[in-house]
Student: 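Sharing a structure with you now.
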Amino acid sequence: MTSTAPETQRGHDAGDPLGEQPTSWQRRLRRFGHVPRPETSLRDRLDPPYTRPGRQVWSVLAIPPHVADRLVRWSGWGGPLLVTLVAGLLRFWKLDQPHAVIFDETYYAKDAWALVNQGYEGSWPKDVDKQILNDPSSVPIPTDPGYVVHPPVGKWIIGFGEQLFGFTPFGWRFMVAVLGTISVLLLCRIGRRLFRSTFLGCLAGLLLAVDGLHFVMSRTALLDLIVMFFVLAAFGCLVVDRDHARRRLAAALPVDEEGVLRPNARVAETLRLGWRPWRLAAGVMLGLAFATKWNGLYVLAAFGLMTVLWDVGARRTAGAVHPYQAVLRRDLIPAFVSTVPVAIVTYIVSWTGWIVTDKGYYRNWAATEGKDSSWSWLFPDWLRSLWHYENQVYDFHVGLTSGHTYESNPWSWLVLGRPVSYFYEEQTGCTQSSTGKCAAEVLAIGTPLLWWLACFALAHVVWRWFFRRDWRAGAIACGVVAGWLPWFFYQERTIFLFYAVVFVPFLCLAVTMLLGAIAGPAAGTGARAELGLTTDDPTGERRRTLGAIAVGVLVLLIIWNFIYFWPLFTGTQIPEDLWRDRMWLDTWV
């Protein structure tokens with residue numbers, strides 16, 4: 001996300017004390033890496049500065065100071081773009097392979113093709129997939145309406161790729177791969193803004209780039225990664241909006257004769273924060289998520305609550321005595337209008353093709369079966385037909401309890417209990433295997449070491465939120481809960497592990513926060529500098545070095561794990577012996 005904050009480390013306000021000197025027991029604990037929390041100026045609490053790499057890094061690399069300053073300025077975009085380039089190369093490599101209609105592509109690829117060509121989904125004949133793969137031009141688009149159970153935005157997006165590159169595997173996977181790649185860039189920028197660190201932002205993006213589930217979903221024409229993209233974009237918009245709102249509060253607060261920013265109850269409780277376009281953009285993004293799959297509606301509710309609580313925190317920090325009442329009077333209605341009605345309007349607009357073509361499934365229900373409704377005088381026929389359609393779809397979703405080979409309970413998702421096999425092909429006569437067989441599979445599974453580390457990272461996030469009152473931990477937890485918790489209400493329904501891709505970016509942020517804590521704060525800046533732990537302090541440097549080594553080892557292990565499972569992510573044919581070596585759990589087979 002675009003940053004308007006300065007790239008340099010901002011010092012404290014003139015006259016702002018550094019806080020009390022550490023006590024003797026605190027000084028003794030330094031040898032174990034203990035760093036007491038320092039006093040932070042009000043300006044830095046409202047608008048935290050971005051960190052910079054220590055000068056010793058540039059000295060080791062023999063980079064002159066003026067070149068280092070230029071690299072720091074460019075790194076805010078250069079680093080994320082480099083990570084995104086790597087992610088894009090991985091996702092577009094042999095995107096058309098396997099040359100098959102894998103898993104639920106059989107629904108969305110065909111529905112998308114009908115949607116972009118005639119404005120509504122058709123009723124496709126069975127066993128038409130092979131004909132599409134052999135000669136898509138020979139397959140007519142059915143004019144009879146088809147019954148579909150998901151809103152149209154995701155299929156419009158898939159169809160746009162088909163319009164560009166044809167009714168082929170590459171065509172229907174193209175736009176999903178684009179969104180998967182861009183989501184890595186978004187996470188880099190969001191992580192950078194969240195942690196005020198370009199390095200940690202790029203680390204979060206790198207973890208997303210090498211997550212197996214995100215990778216597989218980026219190369220498959222399903223709807224869930226599209227939901228993830230819009231959810232992540234909405235989260236980014238809200239984080240930017242939070243920064244802008246707090247910056248306005250800081251600009252309105254008084255400064256004393258020593259130049260120190262001071263809290264003021266009157267300003268904090270009465271200031272109107274004005275036009276907030278980023279929150280409006282978040283409403284549009286959440287509407288698009290909801291208009292792709294209905295689970296986006298839960299994210300809308302969670303993020304709406306989160307952004308209001310952020311306003312409460314901002315006004316409290318600025319000096320409000322009654323922050324909740326202030327938000328209720330000044331912020332609640334604008335926040336609601338900017339998100340919920342905007343999302344609903346976005347959702348309805350997404351059905352434009354179905355509305356104007358007058359041929360979609362249930363499109364004329366209001367004029368036929370529903371013509372005697374008592375609401376016919378108040379609402380137009382198309383709206384009543386759409387409402388009836390939505391009711392039928394809801395009944396379908398909650399009643400979907402038929403068993404499936406790859407279904408899984410959400411309790412098992414974080415430990416990757418039951419991944420989904422999208423494609424499997426076996427070849428006999430393989431001389432490289434002791435069984436004489438080779439296997440090619442596309443398995444929708446997260447990178448195991450990343451996900452198992454994420455279990456510990458989530459525990460760290462919860463601890464940091466409850467005991468350190470870290471808003472960043474609360475935001476990450478909100479993203480995970482919004483994407484994961486709703487599925488616990490439908491445990492009898494047929495659900496799958498790949499639904500978890502919606503909250504994968506927040507798992508990566510949680511792991512990044514944990515790795516940042518392991519690495520420790522940068523020596524010579526921030527808390528360590530205020531407490532005398534400068535670059536010359538051997539204890540601080542030792543702690544930092546050991547932490548950096550631990551983080552480096554963990555990240556390299558995750559990357560190795562991604563490479564190890566690469567054949568299962570891409571459908572690469574390997575000897576059956578090697579395939580079985582990668583079945584770490586019996587439930588993966």
Side-chain angles (χ1 to χ4, degrees), residues 1-6 10 40 42-51 76 186-197 200-201 204 231-253 261 263 267-269 271-286 299-320 323-324 326-328 330-340 342 461 464-465 468-482 505-506 509 512-513:
M1 309 305 293
T2 303
S3 170
T4 58
R10 184 174 61 241
T40 305
L42 177 59
R43 187 180 300 278
D44 283 358
R45 281 189 287 139
L46 284 172
D47 184 19
Y50 285 75
T51 59
L186 285 178
L187 191 63
C188 286
R189 294 291 295 178
I190 291 170
R192 178 179 180 272
R193 184 177 285 272
L194 203 65
F195 301 121
R196 289 305 198 255
S197 167
L200 291 181
V231 168
L232 183 61
F235 181 78
C237 290
L238 291 176
V239 171
V240 176
D241 172 75
R242 179 185 186 276
D243 279 357
H244 287 189
R246 294 172 77 90
R247 200 168 297 131
R248 287 187 190 130
L249 274 171
L253 290 174
L261 195 71
V267 172
E269 293 185 358
L271 180 70
R272 293 189 180 276
L273 297 176
W275 172 246
R276 300 175 70 167
W278 284 105
R279 182 180 273 176
L280 188 66
V284 174
M285 292 298 106
L286 291 169
V299 182
L300 170 64
F303 282 9
L305 177 62
M306 179 181 68
T307 188
V308 170
L309 292 178
W310 284 352
D311 285 343
V312 171
R315 292 188 181 274
R316 178 189 289 118
T317 302
Y324 285 96
V327 167
L328 183 63
R330 304 292 182 186
D331 303 318
L332 187 60
I333 293 179
F336 176 83
V337 173
S338 298
T339 52
V340 177
V342 170
V461 161
R464 199 173 183 94
W465 183 28
R468 297 291 294 273
R469 310 307 299 171
D470 191 330
W471 74 271
R472 301 167 303 176
I476 294 169
C478 180
V480 174
V481 168
F506 300 97
L509 288 173
T512 300
M513 176 170 272

Student: R472 versus R464: any side-chain heavy-atom pair under 4.5 Å?
Tutor: yes

Student: Please report the closest heavy-atom contact between L253 and V267, naming both atoms and the distance.
Tutor: CD2-CG1, 3.9 Å

Student: Looking only at non-hydrogen atoms, find the nearest pair between T317 and R45 and report the distance.
Tutor: CG2-NH1, 3.9 Å

Student: Parallel, tilted or perpendicular: which one describes the rings of F235 and F303, with boundaries at 30° and 60°?
Tutor: tilted

Student: Going by salt bridge (Lys or Arg N to Asp or Glu O under 4.0 Å), R279 matches just one of D243, D241, D331. Which one?
Tutor: D241

Student: Could you give the distance from SG (C478) to CH2 (W471), rounded to the nearest 0.5 Å?
Tutor: 12.0 Å

Student: As an exercise, state the distance from CG of L186 to CD1 of I190, rounded to the nearest 0.5 Å.
Tutor: 5.5 Å

Student: Give the minimum heavy-atom separation between V231 and V299, together with the two atoms involved.
Tutor: CG1-CG1, 3.8 Å

Student: For S197 and Y50, which heavy atoms make the closest approach, and how far apart are they?
Tutor: N-CD2, 4.4 Å

Student: For the pair R196 (side chain) and P48 (backbone), establish whether a donor and an acceptor sit closer than 3.5 Å, ignoring hydrogens and angles.
Tutor: yes

Student: Under a 3.5 Å distance rule, please check whether R315 uses its side chain to pair with a backbone N or O of A268 as donor and acceptor.
Tutor: yes

Student: Distance from L273 atom CG to L271 atom CG, nearest 0.5 Å?
Tutor: 5.5 Å

Student: Roughly how far, to the nearest 0.5 Å, is CG of L200 from OG1 of T512?
Tutor: 7.0 Å

Student: About how many Å separate CZ of R247 and CG of L46, when rounded to the nearest 0.5 Å?
Tutor: 10.5 Å

Student: Going from OG1 on T307 to CG on L238, what distance comes out if it is rounded to the nearest 0.5 angstrom?
Tutor: 5.0 Å

Student: Mind listing the closest non-hydrogen atom pair of V342 and G283 along with its distance?
Tutor: CG1-C, 3.8 Å

Student: Looking only at heavy atoms, what is the nearest atom pair of R276 and A245, with distance?
Tutor: NH2-CB, 3.6 Å

Student: Does any part of the side chain of V480, heavy atoms only, come nearer than 4.5 Å to the side chain of F506, both counted from C-beta?
Tutor: yes

Student: Is there side-chain contact between V239 and H244, with heavy atoms separated by less than 4.5 Å?
Tutor: no

Student: Quick one: salt bridge (Lys or Arg N to Asp or Glu O under 4.0 Å) partners of R242, sequence neighbours excluded?
Tutor: none

Student: One pair to check against side chain to side chain contact (heavy atoms under 4.5 Å, CB included): I476 and W465. What are the steps and the verdict?
Tutor: CA-CA 10 Å; I476 294 169; W465 183 28; over 6 Å; no

